Novice: 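Pasting in a structure now, in structure tokens, and then I'll have a few things to ask.
Note that this is a predicted model, so its numbers are computed, not measured. Values below: all heavy atoms of this structure, side chains included; hydrogens, waters and symmetry mates excluded.
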Amino acid sequence: MKIVETPEGGARVWRVSVDTGGWKERNDLFPEIVFAVGGEVFARSADEFVQDVEQYRGHYLSGKGPIFALYETVKAIVDVEAREGRYLTDREAALVQGIRRRTFVMFEEQLQREGDPGADPTIAAS
């Protein structure tokens, strides 16, 4: 989820959809997030947010095209790590993070073209 300031000084809450990878407005969750009601809430840096969103999208979504090919590349790298019972090397981790940053921008730009008001590819540049 992300909370975004509105031009009027308010806030909008967006939650990534497991069905589409797009953003659904969920302002009803604002009190729960702000007051940490019902669970753990923690802030993430922009880069951590991008990595988390792309890990989520790569896990739950499927499809065709360049974004999904890159998700498969990340999956292959992570699968080798798991199969070999080790952590990613520094080079592998940097590759995965770089791919996820790129897929985030690609996905968000696609969402913008489709009219998703919650899409924001500039987060990856923060």
Novice: Taking all heavy atoms of Ala119 and all of Leu111, pick out the closest pair and write down the distance.
Specialist: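 Minimum heavy-atom contact is CB-CB, 3.6 Å.
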Novice: Can you classify the ring geometry of Phe68 versus Tyr71 as parallel (below 30°), tilted (30 to 60°) or perpendicular (above 60°)?
Specialist: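 It falls in the perpendicular class, over 60°.
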Novice: What heavy-atom pair brings Leu61 and Asp19 nearest, and what distance separates the two atoms?
Specialist: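 Scanning both residues, the minimum pair turns out to be CD2-O, 3.7 Å.
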Novice: Hey, are Arg57 and Glu108 close enough for a salt bridge, meaning a charged N less than 4.0 Å from a carboxylate O?
Specialist: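 Between Glu108 and Arg57 there is a salt bridge, with a charged N closer than 4.0 Å to a carboxylate O.
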Novice: Show the nearest heavy-atom pair for residues Asp120 and Gln112, with the distance to one decimal.
Specialist: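 Closest approach of Asp120 to Gln112, heavy atoms only: CA-NE2, 4.4 Å.
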Novice: Within the supplied structure, the quantity of interest is the number of heavy atoms (other residues, nucleotides, ligands) at a distance under 6.0 Å from Asp90 CG; does it exceed 12?
Specialist: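 Not buried by this count: 12 neighbours or fewer within 6.0 Å.
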Novice: Looking at Glu48 and Ser45, would you say the former's side chain and the latter's main chain have a donor-acceptor pair under 3.5 Å?
Specialist: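 Yes; judged by distance alone, with no hydrogens or angles, the pair exists.
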Novice: Between Arg83 and Asp79, is there a side-chain N and carboxylate O pair less than 4.0 Å apart?
Specialist: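 Answer for the salt bridge query: no.
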Novice: Would Trp14 and Glu25 satisfy side chain to side chain contact (heavy atoms under 4.5 Å, CB included), going step by step from the backbone distance to the final call?
Specialist: CA-CA 5 Å; Trp14 297 98; Glu25 193 165 4; 3.7 Å; yes
Novice: Would you name the heavy atoms of Thr103 and Ile67 that are closest together and state the gap between them?
Specialist: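 Smallest interatomic distance, heavy atoms only, reads CG2-O, 4.1 Å.
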Novice: Under the side chain to side chain contact (heavy atoms under 4.5 Å, CB included) criterion, do Leu70 and Met106 qualify, and how do the steps go?
Specialist: CA-CA 11 Å; Leu70 289 169; Met106 293 168 69; 3.9 Å; yes
Novice: Below 30° counts as parallel, above 60° as perpendicular, anything between as tilted: where do the rings of Trp23 and Phe49 land?
Specialist: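 Aromatic pair Trp23/Phe49 classed parallel.
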Novice: Which heavy atom in Gly118 sits nearest to a heavy atom in Asp116, and how many Å separate them?
Specialist: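 Nearest pair, atom of Gly118 first, then Asp116: N-OD1, 2.8 Å.
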Novice: Should the heavy atoms of other residues, nucleotides or ligands under 6.0 Å from CZ of Arg91 be counted, would the total exceed 12?
Specialist: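 12 or below, so no.
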Novice: Do you know which two heavy atoms are closest between Gln51 and Arg100, and how far apart they sit?
Specialist: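 Between these two residues, the closest heavy atoms are OE1-CD, 3.3 Å.
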